[in-house]
Visitor: 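Pasting a structure below so you can have a look.
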Amino acid sequence: MAVDKDFFRGPTLELCRRLLGAELVHGETAGLIVEVEAYIGPGDRAAHSYGGRRTRRTEVMFGPPGHAYVYISHGIHYCFNVVSGEEGNPEAILVRALQPTRGIEIMRKRRRRRDDRELTNGPGKLCQALGITIAHYGWDLTQPPFFIRPGRRPRDEDIACGPRIGIDSAGEARDYPWRFWIKDNPYVSR
DNA sequence: TGTCCGATTGGT
DNA sequence: CCAATCGGACAG
């Protein structure tokens with residue numbers, strides 16, 4: 001059913017590719033992961049854990065991989081990340097978009113949009129659609145009701161990568177090609 | 001397409 | 001103080 005703990009081990013950029021096509025499940029709602037971004041620890045100016053910042057917010061990233069890092073964005077939205085990398089290295093992967101697979105009626109109620117693509121094509125949108133909040137901070141993603149299920153991994157030629165979104169004041173890090181998405185998938189953000 | 005604003009948290 | 005891993009509304 002859910003992935004094993006080992007699924008989350010290994011380099012963060014490799015886990016990014018492994019997450020594409022996997023299913024993120026919360027309760028009765030779920031979707032295939034179609035877009036992610038890596039935020040890699042102390043050396044990444046765009047990461048909340050840049051320079052080794054260790055606060056109540058970033059604490060979970062210092063723990064073992066496979067847990068949820070949820071934070072509040074601009075005061076009103078939630079963003080969901082998967083903690084990655086070795087324990088002690090504060091790394092995480094932001095899930096930016098999903099393709100709904102289950103509970104789409106629930107998502108429509110929560111989101112109230114005309115176009116179903118607007119349900120989960122952004123990091124704050126997908127949290128609202130799946131009911132993910134700050135209360136899920138630190139949760140273990142190998143256990144129901146909140147977990148990741150392995151799926152069909154896309155072929156490498158069906159995966160695209162490029163610079164991350166919304167971080168234009170991060171110096172060199174701005175151009176790192178650490179955003180990954182499934183080519184031509186209609187649920188990818190932007 | 002562009003711009004503006006909400007309303008919270010952490011860092012300087 | 002102010003920028004931030006964003007989304008929605010509305011002008012044009």
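From a predicted model like this one, the values you see are computed outputs, not experimental measurements. Here is how names work: the chains are called A, B, and so on, in the same order as the sequence lines, proteins then strands, and each is numbered from 1.
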Visitor: Who passes side-chain hydrogen bond (donor to acceptor under 3.5 Å, both in side chains) against A/Glu23, sequence neighbours left out?
Guide: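 Checked A/Glu23 against side-chain hydrogen bond (donor to acceptor under 3.5 Å, both in side chains); matches are A/Thr101, A/Arg149.
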Visitor: With sequence neighbours left out, which residue pairs that include part of residues 75-113 of chain A fulfil the ring-ring contact (aromatic ring centres under 6.0 Å, His included) condition?
Guide: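 Sorted pair list: A/Phe80-A/Phe146.
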Visitor: Starting at CD1 of A/Ile167 and ending at P of C/dC6, how long is that distance when rounded to a whole Å?
Guide: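 Roughly 9 Å, once rounded to whole Å.
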Visitor: Please output the side-chain donor-acceptor pairs of residues 125-135 of chain A that fall under 3.5 Å, not counting sequence neighbours, one pair per line with the distance.
Guide:
residue: A/Lys125; atom: NZ; partner: A/Glu118; partner atom: OE1; Å: 3.0
residue: A/Lys125; atom: NZ; partner: A/Asn121; partner atom: OD1; Å: 3.0
residue: A/Gln128; atom: OE1; partner: A/Arg111; partner atom: NH1; Å: 2.6
residue: A/Gln128; atom: NE2; partner: A/Arg110; partner atom: O; Å: 3.2
residue: A/Thr133; atom: OG1; partner: A/Ala135; partner atom: N; Å: 3.0

Visitor: Given atom CG of A/Leu94 and atom P of C/dA4, what is their separation to the nearest angstrom?
Guide: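 The answer, rounded to whole Å, is 16 Å.
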Visitor: For the side chain to side chain contact (heavy atoms under 4.5 Å, CB included) test, which of A/Leu19, A/Val95, A/Thr142, A/Val25 pairs with A/Ile148?
Guide: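 Between A/Ile148 and the candidates, side chain to side chain contact (heavy atoms under 4.5 Å, CB included) is satisfied uniquely by A/Leu19.
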Visitor: Going by side-chain heavy atoms closer than 4.5 Å, which hydrophobic residues are tied to A/Tyr50, directly or by a chain of links?
Guide: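 Hydrophobic cluster check, A/Tyr50: no partners found.
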Visitor: Can you tell me how far P of C/dA4 sits from CZ of A/Arg53, to the nearest Å?
Guide: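 Spelled out: CZ on A/Arg53 to P on C/dA4 is 11 Å.
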Visitor: Give the rounded distance in Å between these two atoms: NE2 of A/His74 and P of C/dC6.
Guide: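 One finds 6 Å between P of C/dC6 and NE2 of A/His74, rounded.
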Visitor: Heavy atoms of chain A, cut-off under 4.0 Å: which first and last nucleotide of DNA chain B, 5' to 3', fall inside that, if you could look?
Guide: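 Counting from the 5' end, contacts occupy B/dG6 to B/dG11.
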Visitor: Only distances under 3.5 Å count here; give the side-chain donor-acceptor pairs of residues 65-73 of chain A to other protein atoms, sequence neighbours excluded, each with its distance to 0.1 Å.
Guide:
residue: A/His67; atom: ND1; partner: A/Gly138; partner atom: O; Å: 3.0
residue: A/Tyr69; atom: OH; partner: A/His48; partner atom: ND1; Å: 2.6

Visitor: According to salt bridge (charged side-chain N to carboxylate O under 4.0 Å, His left out), does anything in residues 63-81 of chain A pair up with another residue at least two apart or in another chain? List the pairs.
Guide: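 Of all non-adjacent pairs touching residues 63-81 of chain A, none passes salt bridge (charged side-chain N to carboxylate O under 4.0 Å, His left out).
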Visitor: Taking only residues two or more places apart in sequence, or in another chain, which ones meet A/Arg102 in a salt bridge (Lys or Arg N to Asp or Glu O under 4.0 Å)?
Guide: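 A/Arg102 satisfies salt bridge (Lys or Arg N to Asp or Glu O under 4.0 Å) with no other residue.
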Visitor: Which whole-number value in Å describes the distance from A/Tyr71 OH to C/dT5 P?
Guide: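 My rounded result for the distance is 6 Å.
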Visitor: Quick one: label A/Ala47 by what it contacts on the DNA or RNA (base, sugar-phosphate, nothing), any heavy atom closer than 4.0 Å.
Guide: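 The answer is base, as A/Ala47 lies within the cut-off (heavy atoms under 4.0 Å) of a base atom.
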Visitor: Name every donor-acceptor pair, under 3.5 Å, that has one atom in a side chain of residues 31-40 of chain A and the other anywhere in the protein, sequence neighbours excluded.
Guide:
residue: A/Glu35; atom: OE1; partner: A/Ser189; partner atom: N; Å: 2.8
residue: A/Glu35; atom: OE1; partner: A/Ser189; partner atom: OG; Å: 3.0
residue: A/Glu35; atom: OE2; partner: A/Arg96; partner atom: NE; Å: 3.0
residue: A/Glu35; atom: OE2; partner: A/Arg179; partner atom: NE; Å: 2.8
residue: A/Glu35; atom: OE2; partner: A/Arg179; partner atom: NH2; Å: 3.0
residue: A/Glu35; atom: OE2; partner: A/Ser189; partner atom: OG; Å: 3.0
residue: A/Glu37; atom: OE1; partner: A/Tyr39; partner atom: OH; Å: 2.6
residue: A/Glu37; atom: OE2; partner: A/Ile165; partner atom: N; Å: 2.9

Visitor: Can you name the salt bridge (Lys or Arg N to Asp or Glu O under 4.0 Å) partners of A/Asp115, sequence neighbours left out?
Guide: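 With sequence neighbours excluded, A/Asp115 shows a salt bridge (Lys or Arg N to Asp or Glu O under 4.0 Å) to A/Arg117, given in chain and number order.
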Visitor: Expressed as a whole number of angstroms, how long is the span from A/Arg45:CZ to C/dA4:P?
Guide: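 Value for this atom pair: 10 Å.
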Visitor: Is the number of heavy atoms from other residues, nucleotides or ligands within 6.0 Å of CG (A/Asp4) greater than 12?
Guide: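 Correct, the count exceeds 12.
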Visitor: Could you give the distance separating C/dT5 and B/dG2 at their P atoms, to the nearest angstrom?
Guide: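 The same atom, P, in both gives a distance of 22 Å.
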Visitor: Taking only Watson-Crick and G-U wobble pairs with both distances under 3.5 Å, what dot-bracket line describes DNA chain B, where [ ] shows pairs that cross earlier ones and | shows pairs with another strand?
Guide: ||||||.||||.
Visitor: Could you write out each protein N or O paired with an N or O of nucleotides 7-10 of chain C at a distance under 3.5 Å?
Guide:
residue: C/dG7; atom: OP1; partner: A/Pro123; partner atom: N; Å: 3.2
residue: C/dG7; atom: OP1; partner: A/Gly124; partner atom: N; Å: 2.7
residue: C/dG7; atom: OP1; partner: A/Lys125; partner atom: N; Å: 3.0
residue: C/dG7; atom: O4'; partner: A/His77; partner atom: NE2; Å: 2.8
residue: C/dG8; atom: OP1; partner: A/Arg111; partner atom: NH1; Å: 2.5
residue: C/dG8; atom: OP1; partner: A/Arg111; partner atom: NH2; Å: 3.1
residue: C/dG8; atom: OP2; partner: A/Arg111; partner atom: NH2; Å: 3.3
residue: C/dA9; atom: OP2; partner: A/Arg113; partner atom: NH2; Å: 3.2

Visitor: Can you tell me how far P in B/dG6 sits from the matching atom in C/dC1, rounded to whole Å?
Guide: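 Per the computed distance, 15 Å lies between those P atoms.
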